[in-house]
K.L.:
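Below is the structure I would like to discuss, written out as structure tokens.
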Amino acid sequence: MQAPKDRRKLGRIGEDIAADYLACKGYRVLARNYRRNGAEIDIICRESDGCLVFVEVKSRTYSTFGQGFEAVGHTKQARIVQASMSYISEHNITDDDIRYDVISITLGGGDSGNSIEHIPNAFDAR
């Protein structure tokens, strides 16, 4: 697969790959591209043990400037946490375990394929 040059298209492709990856691992995807409070959560899902997982997906076409997960700094984390609290409130979720994961995807060109790195519990709600 030729890697796309458009950043939005790249993001959509990466999110599709991540959602498929999570589904294959037994997660149930509840929502995608949830937007609140000026932030977006790429994927919201439930793990088989019931844990509610908020997933940030970072897609790259190469890793020259670092892995995608390295772009999820403190400011981005805080915005994701704030948006997740809105989701929790809107859906009356009270006692579920929650977790924040990052999935970093490097899209390969030609025969090299895609690289997926899933980092469970990548950061905390501080």
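What you see below is based on every heavy atom in this structure, not just the backbone, and it leaves out hydrogens, waters and symmetry mates. Owing to the predicted nature of the structure, the values given are computational and were not obtained by experimental measurement.
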K.L.:
To the closest 0.5 Å, what do you measure between CG (L107) and CZ (R60)?
P.N.:
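Reported value, rounded in 0.5 Å steps: 11.0 Å.
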K.L.:
Does the side-chain contact (heavy atoms from CB on, under 4.5 Å) test come out yes or no for I88 and T94, once each step is laid out?
P.N.:
CA-CA 8 Å; I88 289 167; T94 56; over 6 Å; no
K.L.:
Quick one: does L30's side chain get under 4.5 Å of H91's, heavy atoms only?
P.N.:
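Side chain of L30 against side chain of H91, heavy atoms only: no contact under 4.5 Å found.
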K.L.:
With sequence neighbours excluded, tell me which residues meet side chain to side chain donor-acceptor pair (under 3.5 Å) with R46.
P.N.:
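With neighbours one apart ignored, the set is D96.
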K.L.:
Please list all pairs meeting salt bridge (Lys or Arg N to Asp or Glu O under 4.0 Å) that have one or both residues in residues 16-29, counting only residues at least two apart or in different chains.
P.N.:
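Found D16-R32.
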K.L.:
Mind listing the closest non-hydrogen atom pair of P120 and D101 along with its distance?
P.N.:
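Nearest pair, atom of P120 first, then D101: CA-OD1, 3.2 Å.
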K.L.:
Given the rule in the salt bridge (charged side-chain N to carboxylate O under 4.0 Å, His left out) test, do R99 and D97 qualify, once you have shown the distances and angles that lead to the verdict?
P.N.:
CA-CA 7 Å; R99 191 176 79 213; D97 289 331; over 6 Å; no
K.L.:
Applying salt bridge (Lys or Arg N to Asp or Glu O under 4.0 Å), can you list everything that pairs with R36, at least two apart in sequence or on another chain?
P.N.:
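R36 satisfies salt bridge (Lys or Arg N to Asp or Glu O under 4.0 Å) with E90 only.
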K.L.:
Which atom pair, heavy atoms only, marks the closest approach of Y87 to A31?
P.N.:
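In terms of heavy atoms, the two residues are closest at CE1-CB, 4.5 Å.
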K.L.:
Main chain of C51, side chain of D49: is a donor-acceptor contact present, judged purely on distance under 3.5 Å?
P.N.:
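Yes.
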K.L.:
Is there side-chain contact between V57 and S59, with heavy atoms separated by less than 4.5 Å?
P.N.:
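Touching, per the 4.5 Å side-chain cut-off.
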K.L.:
Name all residues meeting the salt bridge (Lys or Arg N to Asp or Glu O under 4.0 Å) criterion together with R8; count only those two or more places apart in sequence or in a different chain, and write none if there are none.
P.N.:
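Applying salt bridge (Lys or Arg N to Asp or Glu O under 4.0 Å) to R8 gives none.
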K.L.:
What's the spacing between M85 CE and N37 CG if we round to 0.5 Å?
P.N.:
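One finds 11.5 Å between CE of M85 and CG of N37.
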K.L.:
Can you check side-chain contact (heavy atoms from CB on, under 4.5 Å) on I103 and V55, steps first, answer last?
P.N.:
CA-CA 7 Å; I103 294 181; V55 183; 3.9 Å; yes
K.L.:
Side chain to side chain donor-acceptor pair (under 3.5 Å) with N121: which residues, sequence neighbours excluded?
P.N.:
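Expected list: none.
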K.L.:
Got E40 and N33 here, is their nearest side-chain heavy-atom distance under 4.5 Å?
P.N.:
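Heavy-atom side-chain distance check passes, below 4.5 Å.
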K.L.:
Given side chain to side chain donor-acceptor pair (under 3.5 Å), test Q77 with D124 step by step and report yes or no.
P.N.:
CA-CA 8 Å; Q77 292 173 17; D124 299 320; over 6 Å; no
K.L.:
Show your working on side-chain contact (heavy atoms from CB on, under 4.5 Å) between L52 and I93 and close with a plain yes or no.
P.N.:
CA-CA 10 Å; L52 184 62; I93 298 168; 3.6 Å; yes
K.L.:
Any side-chain to backbone donor/acceptor pair from S89 onto S86? Under 3.5 Å, distance only.
P.N.:
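Checking the backbone N and O of S86 against the side chain of S89, no donor-acceptor pair under 3.5 Å is found.
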K.L.:
E15 vs L10, test: side-chain contact (heavy atoms from CB on, under 4.5 Å). Steps then yes/no.
P.N.:
CA-CA 9 Å; E15 289 169 12; L10 173 67; over 6 Å; no
K.L.:
Quick check: do L22 and E47 have side-chain heavy atoms less than 4.5 Å from each other?
P.N.:
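Sidechains of E47 and L22: no contact.
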K.L.:
In Å and rounded to the nearest 0.5 Å, what is the OH to CG distance from Y34 to D42?
P.N.:
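Output value for this atom pair is 14.0 Å.
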K.L.:
For the residue pair I41 and I80, what are the closest heavy atoms and their distance?
P.N.:
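Distance-wise, the nearest heavy atoms are CD1-O, 3.8 Å.
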K.L.:
Name all residues meeting the ring pair (Phe, Tyr, Trp, His ring centres under 6.0 Å) criterion together with Y100; count only those two or more places apart in sequence or in a different chain, and write none if there are none.
P.N.:
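Scan of Y100 (ring pair (Phe, Tyr, Trp, His ring centres under 6.0 Å), adjacent residues dropped) gives F54, F123.
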K.L.:
If I take atom NE2 from residue H74 and atom CZ from residue R79, how far apart are they, to the nearest 0.5 angstrom?
P.N.:
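Rounded to the nearest 0.5 Å, the NE2-CZ separation comes out at 16.0 Å.
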